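A short write-up of the structure that comes next.
Bear in mind the structure is a predicted one, so any value in this text is a computation, not a measurement. Residue numbers begin at 1 in each chain, while the letters A, B, ... track the order of the sequences.
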There are 2 protein chains.
Amino acid sequence: MSSRSRSSLAARREAHAPVFAALGDETRLSLLAKLYGGHRFSISQLTEGSKLTRQAITKHLRVLESVGVVHGVRTGRESLFEFDPKPMREIKEYLDLVSEQWDQALSRLKLFVED
Amino acid sequence: MSSRSRSSLAARREAHAPVFAALGDETRLSLLAKLYGGHRFSISQLTEGSKLTRQAITKHLRVLESVGVVHGVRTGRESLFEFDPKPMREIKEYLDLVSEQWDQALSRLKLFVED
DNA sequence: CCAATATGCAACCTGGAGGTTGCTTAAGGT
DNA sequence: ACCTTAAGCAACCTCCAGGTTGCATATTGG
């Protein structure tokens, strides 16, 4: 399973990078923060309070949507956005595997030094 | 503690975004992959196998270093880079808090629907 | 001391991220 | 029907990330 973990880490690297990149922006993190509660919000609602334009917010939402962390559905005259936990669960899992890896490595190195 | 979690989430958002951004690049993720093992590598060693220039790799390393996920020390004529787990532990923690938040939200919503 | 190796520094190029403005189109409310 | 509100589309601007090339500097081995 250790080899499976390693290979899946490498295999998923390309899939993880875009998700990390999407989270690498304060505006987008704050948009997500509003959506973590599970409720849907329209673009106008998500724009409220921000100093940015509605179009700017729209672009950010498209970025988030492109990596699947958010899902928008046109409903009537407004399009409602909803949080989708899957992609972030995956990078959380990635970080879990990685941390497991470095913890083992560090304890090996420590043991080697103490020897 | 729930309120503390929320406020620290907001307070740390600005601190997390740059780390996520630094991880949002495949080249940098693969550099990190070589460093998870705990061993130090020189820039030349890290450049080996890559299709990129040494200078490109250097720039990526500086990005990683600027968010503290990697630490470089000049040793003799080469500068050795070493992985530092702290920043990634923090975003892992962030994702943990967030997932806790959305899980609670989803169960509340589910309960509401079932009611 | 000299040649090779490892890195640093700086200028430069290019594409795309992040933002704005202006106009169009679709839905709702009355 | 009409006015308002929500959103989409498209052109445009600016700036910086990511990469390259060329040259300068520091260490090391013999």
**Study point:** Length of the CD-P vector between B/Q45 and C/dA6, whole Å
**Key:** 9 Å

Check your understanding: In whole angstroms, how far is the P atom of D/dA11 from the NZ atom of A/K59?
Key -> 12 Å

Check your understanding: NA contact type, B/R54, heavy-atom cut-off 4.0 Å: base, sugar-phosphate, or nothing?
Key -> base

Exercise for review: Using a 4.5 Å cut-off on heavy atoms from C-beta on, say whether the side chain of A/L23 contacts that of A/M88.
Suggested key: yes

Review point. Can a donor-acceptor pair under 3.5 Å be found between the side-chain atoms of A/R77 and the base atoms of D/dT5?
Key: yes

Check your understanding: Hey, does A/S79 reach any base, or is it just sugar-phosphate, or nothing, if we go heavy atoms under 4.0 Å?
Key -> sugar-phosphate

Point to revise | Of the listed nucleotides D/dG8, C/dG8, D/dG19, the one nearest the side chain of B/R74 | key: C/dG8

Check your understanding: Is any side-chain heavy atom of A/I57 less than 4.5 Å from a side-chain heavy atom of A/S50?
Key -> yes

Review point. Which part of the nucleic acid, if any, lies within reach of A/S44 when heavy atoms closer than 4.0 Å are counted: base, sugar-phosphate only, or nothing?
Key: sugar-phosphate

Point to revise | First of A/T75 and A/D25 reached from the 5' end of DNA chain C, by closest nucleotide | key: A/D25

Review point. Think A/H60 has a side-chain N or O under 4.0 angstrom from the OP1 or OP2 of C/dA17?
Key: no

Point to revise | Distance in angstrom units between A/I57 CD1 and C/dA17 P, rounded | key: 17 Å

Check your understanding: B/Q55 CD to C/dG8 C1': how many Å, rounded?
Key -> 9 Å

Review point. Between A/D103 and B/R89, is there a salt bridge with N-O shorter than 4.0 Å?
Key: yes

Exercise for review: For C/dA6, take OP1 and OP2 only and decide whether either is under 4.0 Å from a side-chain N or O of B/S42.
Suggested key: no

Review point. Rounding to a whole Å, what distance do you find between B/I43:CD1 and D/dA26:P?
Key: 16 Å

Point to revise | Length of the CG-C1' vector between B/L80 and D/dT27, whole Å | key: 13 Å

Study note, to complete from the structure: B/R62 atom CZ is separated from D/dA17 atom C1', nearest whole Å, by 17 Å

Check your understanding: What nucleotide among D/dG19, D/dG18, C/dG18 has an atom nearest to a side-chain atom of B/A56?
Key -> D/dG19

**Study point:** Side-chain touch A/T58/A/R62, heavy atoms, less than 4.5 angstrom
**Key:** yes

Check your understanding: Between atom CD in B/E78 and atom P in C/dT5, what is the gap in whole Å?
Key -> 13 Å

Review point. Which heavy-atom pair separates B/V69 from B/F83 by the least distance, and what is that distance?
Key: O-CD1, 3.4 Å

